[in-house]
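Heads up, the thing below is written out as structure tokens.
Counting begins at 1 with the first residue of the sequence.
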Amino acid sequence: MHGVSRSYYGILFILVVLILTFSVSAIDDLVALQGNVLQGGSNLASGNITLHIFDAVSAGNVVFNSTIGGEFNDSIASGKYDILIGNNSNNQLTLEYGKLYYIEMYVNSEKLTFNGAQRQPFQSSVGNI
């Protein structure tokens, strides 16, 4: 009987390890984005942020679109925003670790430029390796 309980605990341990392995692999990619928004030299009182992430500097495929469900509406307060991209269960973020992506950003539907560029490049620090 003692041998059966060891075997039982061994199988239970393996099952727990497998469950944890599958749970960890299901974690979403999350990217934090913070910043300040000025309008006419003063902090913007409130506003909405819209983000599009592409896999190319121009054209390309949309990897993430925050307009689904108005994910970042009212995310600007007193000129500050602190958002977590990919945190919405209806709009998950899937990136490849180390790959270059390009973000377009809108504040209250006005497209921002990045030193004249339409999209800001960034390298993913999350995602599948």
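Counting only distance, with no hydrogens or angles, the side chain of Asn43 and the backbone of Leu38 share no donor-acceptor pair below 3.5 Å. A donor-acceptor contact shorter than 3.5 Å links the side chain of Asn48 to the backbone of Asp74.
Cluster annotation: Leu112 and Leu51 are assigned to the same hydrophobic cluster (Ile/Leu/Val/Met/Phe/Trp/Tyr, side-chain heavy-atom contacts under 4.5 Å, transitive).
Rounding to the nearest 0.5 angstrom, the gap separating the CD atom in Glu71 from the CD1 atom in Ile49 is 11.0 Å. A distance of 10.5 Å separates CG of Asn36 from CD1 of Ile76, quoted to the nearest 0.5 Å. Annotation: the span from Asn73 atom CG to Ser46 atom OG amounts to 11.0 Å, rounded to 0.5 Å. Between atom OH of residue Tyr101 and atom CG of residue Asn61 there is a gap of 10.5 Å, rounded to the nearest 0.5 Å. To the nearest 0.5 Å, atoms CG (Leu95) and CG (Leu100) are separated by 11.5 Å. Residue Leu84 holds its CG atom at 4.5 Å from CG of Leu30, rounded to the nearest 0.5 Å.
Here the shortest heavy-atom pairing between Gln123 and Gly98 reads NE2-O, 2.7 Å. Between Ile83 and Ser75, the closest heavy-atom pair is CG2-CB, 3.8 Å. When every heavy atom of Phe64 is checked against every heavy atom of Phe72, the shortest pair comes out as CE2-CE1, 4.2 Å. Closest heavy-atom contact between Met105 and Tyr81: CE-OH, 3.3 Å. Considering every non-hydrogen atom in both Val63 and Phe54, the closest pair reads CG2-C, 4.1 Å. Here the closest heavy-atom approach between residue Ala56 and residue Tyr102 is recorded as C-CD1, 3.3 Å.
Counting heavy atoms from C-beta on, the side chains of Val31 and Ile53 never come closer than 4.5 Å. At a threshold of 4.5 Å between non-hydrogen side-chain atoms, the residues His52 and Thr67 count as touching. Taking the side chain as every heavy atom from C-beta outward, Thr113 and Gln118 approach each other to under 4.5 Å.
Side-chain atoms of Tyr106 and Glu104 form a donor-acceptor pair, as typed in the model, at a separation below 3.5 Å.
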